[in-house]
Amino acid sequence: MLRTVSATAYLTPFREGGSLPGLVEADDDGMYVVKFRGAGQGTASLVAEVVVGELSRRLGVRVPELVRITVDGRMARLEPDEEVQDLLTNSAGENLGMDYLPGSFGYDGMHWQPPAPEAATIRWIDAFAANIDRTWRNPNLLVWHRDLWAIDHGASLVFQHAWPPVERWATRRYDLSEHILAPVADTLPAAELDALDASLAARITPDLLTEVTGLVPDDWLLSMNAAIGDDRDADAWRARYQEYLLARLRERTGWRPELAEVAS
């Protein structure tokens with residue numbers, strides 16, 4: 001399970017993006033960038049953060065530690081900003097925290113680049129998870145101690161917002177020519193890209209997907225029931241995520257980054 005900590009102080013909001021994440025101090029003396037369940041995207045984005053973030057970690061990508069962070073709605077009384085007050089009030093309970101990397105800076109590809117296999121791995125995972133971010137406009141990559149760290153996977157798993165037929169999702173293609181790591185990933189010869197594809201695909205097993213979906217709190221899954229008029233239990237939700245991801249894995253020749261030409 002993800003570690004659980006309790007928020008002790010809300011420090012500052014991050015105004016980038018639509019989910020209004022904030023820097024929060026916790027009772028383990030750590031600081032976390034928190035995505036709140038009360039934001040407009042609800043718990044679906046938190047589910048994507050855990051599933052794709054932890055899958056990425058297990059495939060060798062650096063991802064800051066993710067924690068379950070409990071927020072007491074009474075913290076809102078100490079905040080002068082009405083928007084933050086409402087957010088904290090509506091986010092009472094468990095939220096998602098990502099370890100804060102002090103001194104990190106956003107990747108721009110100008111002064112430093114990661115090794116090509118690392119860049120290609122991140123791009124492959126983004127294609128698999130249908131991450132609509134990670135472009136030059138919204139890189140969601142940090143450089144910390146001259147290592148690359150992937151953050152903010154909440155825009156992945158776009159199927160969970162509409163639940164299209166599995167077959168349509170499995171073969172959905174994307175134009176990843178604007179992926180921020182494309183110039184680095186594309187320096188790998190085709191044979192090495194093929195080998196990387198085979199290696200990553202072989203490591204995504206049903207057991208691995210059971211493991212990463214098992215890290216998602218039941219409450220985050222069940223909160224989607226009311227939104228779409230569903231009444232399945234948490235384990236049934238996990239099985240549904242696994243079904244969609246395994247189907248996409250089987251159809252990867254249709255969306256592999258070097259083959260994806262036109263978004264559909």
Side-chain angles (χ1 to χ4, degrees), residues 47-66 107 109 112-135 139-153 155-159 166-167 169-216 238-239 241-261 263:
V47 174
E49 290 281 5
V50 171
V51 172
V52 182
E54 292 299 327
L55 180 63
S56 298
R57 191 192 312 282
R58 286 153 177 78
L59 295 178
V61 176
R62 295 179 192 86
V63 177
E65 182 189 9
L66 302 179
Y107 175 80
W112 176 89
Q113 293 180 335
E118 181 178 0
T121 295
I122 294 173
R123 187 177 66 168
W124 189 97
I125 296 169
D126 285 337
F128 171 63
N131 185 359
I132 61 175
D133 285 338
R134 204 88 74 202
T135 66
N140 290 331
L141 292 169
L142 297 177
V143 179
W144 193 52
H145 298 301
R146 295 192 63 81
D147 284 325
L148 193 65
W149 295 75
I151 63 169
D152 199 353
H153 297 92
S156 304
L157 308 186
V158 292
F159 64 81
V166 175
E167 298 77 12
W169 151 259
T171 56
R172 179 171 176 170
R173 300 177 67 191
Y174 286 85
D175 178 4
L176 295 184
S177 62
E178 294 188 0
H179 196 282
I180 191 169
L181 294 176
V184 184
D186 286 338
T187 64
L188 281 181
E192 293 187 32
L193 287 171
D194 286 343
L196 181 68
D197 167 69
S199 174
L200 293 172
R203 293 164 65 185
I204 301 178
T205 63
D207 285 346
L208 180 59
L209 293 178
T210 297
E211 178 184 343
V212 295
T213 56
L215 296 173
V216 179
R238 293 186 180 95
Y241 277 90
Q242 293 165 29
E243 176 190 12
Y244 275 67
L245 290 170
L246 287 171
R248 187 155 178 83
L249 188 66
R250 291 191 297 269
E251 300 292 339
R252 66 187 188 279
T253 55
W255 53 258
R256 277 176 51 185
E258 64 274 21
L259 301 178
E261 298 174 352

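Keep in mind it's a predicted model, so treat the numbers as computed, not measured. Both backbone and side-chain heavy atoms feed into the values below; hydrogens, waters and symmetry mates do not.
- If you check the side chains of H153 and N131, you find no donor sitting under 3.5 Å from an acceptor.
- Heavy-atom minimum distance, A120 versus L196: CB-CD2, 3.4 Å.
- Remark: side-chain polar atoms of R58 are not paired, donor with acceptor, to backbone N or O of V212 under 3.5 angstrom.
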Worksheet item: Between H179 and T135, is a side-chain contact (heavy atoms from CB on, under 4.5 Å) present by the stated rule, with each step listed?
Response: CA-CA 5 Å; H179 196 282; T135 66; over 6 Å; no

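- Shown here for R134 and N140, the closest heavy-atom pair between the two residues is NH1-O, 2.6 Å.
- Between L181 atom CG and L148 atom CG the span is 6.0 Å, to the nearest 0.5 Å.
- Rounding to the nearest 0.5 angstrom, the gap separating the CG atom in D147 from the CD atom in E118 is 7.0 Å.
- Put simply, CG on L188 and CZ on R123 are 8.5 Å apart, with the number rounded to the nearest 0.5 Å.
- Looking at heavy atoms from C-beta onward, V51 lies out of side-chain contact with L209 at the 4.5 angstrom threshold.
- Among all heavy-atom pairs drawn from E65 and R57, the shortest one is CA-NH2, 3.8 Å.
- We find the CD-OG1 distance between Q242 and T205 to be 10.0 Å, quoted to the nearest 0.5 Å.
- The backbone N or O of E167 lies less than 3.5 Å from a partner atom in the side chain of T171, making a donor-acceptor pair.
- Across R248 and A170, no two heavy atoms sit closer than the pair NH1-O, 3.5 Å.
- Between W112 and Y107, the ring planes lie perpendicular to each other; the angle is over 60°, past the 30° to 60° tilted range.
- Under the 30°/60° scheme for interplanar angles, the aromatic rings of W169 and Y244 are found to be tilted.
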Discussion item. Between D197 and W124, is the side-chain contact (heavy atoms from CB on, under 4.5 Å) condition met? List the steps.
Written reply: CA-CA 8 Å; D197 167 69; W124 189 97; 2.9 Å; yes

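- For the atom pair CD of E211 and CG of L55, the computed distance is 9.5 Å after rounding to the nearest 0.5 Å.
- Under the 4.5 Å side-chain criterion, counting only non-hydrogen atoms from C-beta, V216 is not in contact with Y241.
- Shortest non-hydrogen contact noted between L157 and A48 is CD1-CA, 4.0 Å.
- With values rounded to the nearest 0.5 angstrom, D186 atom CG is found 10.0 Å from S177 atom OG.
- Between the side chain of S56 and the backbone N or O of V52 there is at least one donor-acceptor pair closer than 3.5 Å.
- Closest approach of L141 to A150, counting heavy atoms only: CD2-CA, 3.9 Å.
- A 4.5 Å side-chain heavy-atom check between V63 and I151 finds every atom pair outside the cut-off.
- With hydrogens and angles disregarded, no donor-acceptor distance shorter than 3.5 Å links the side chain of R173 to the backbone of W255.
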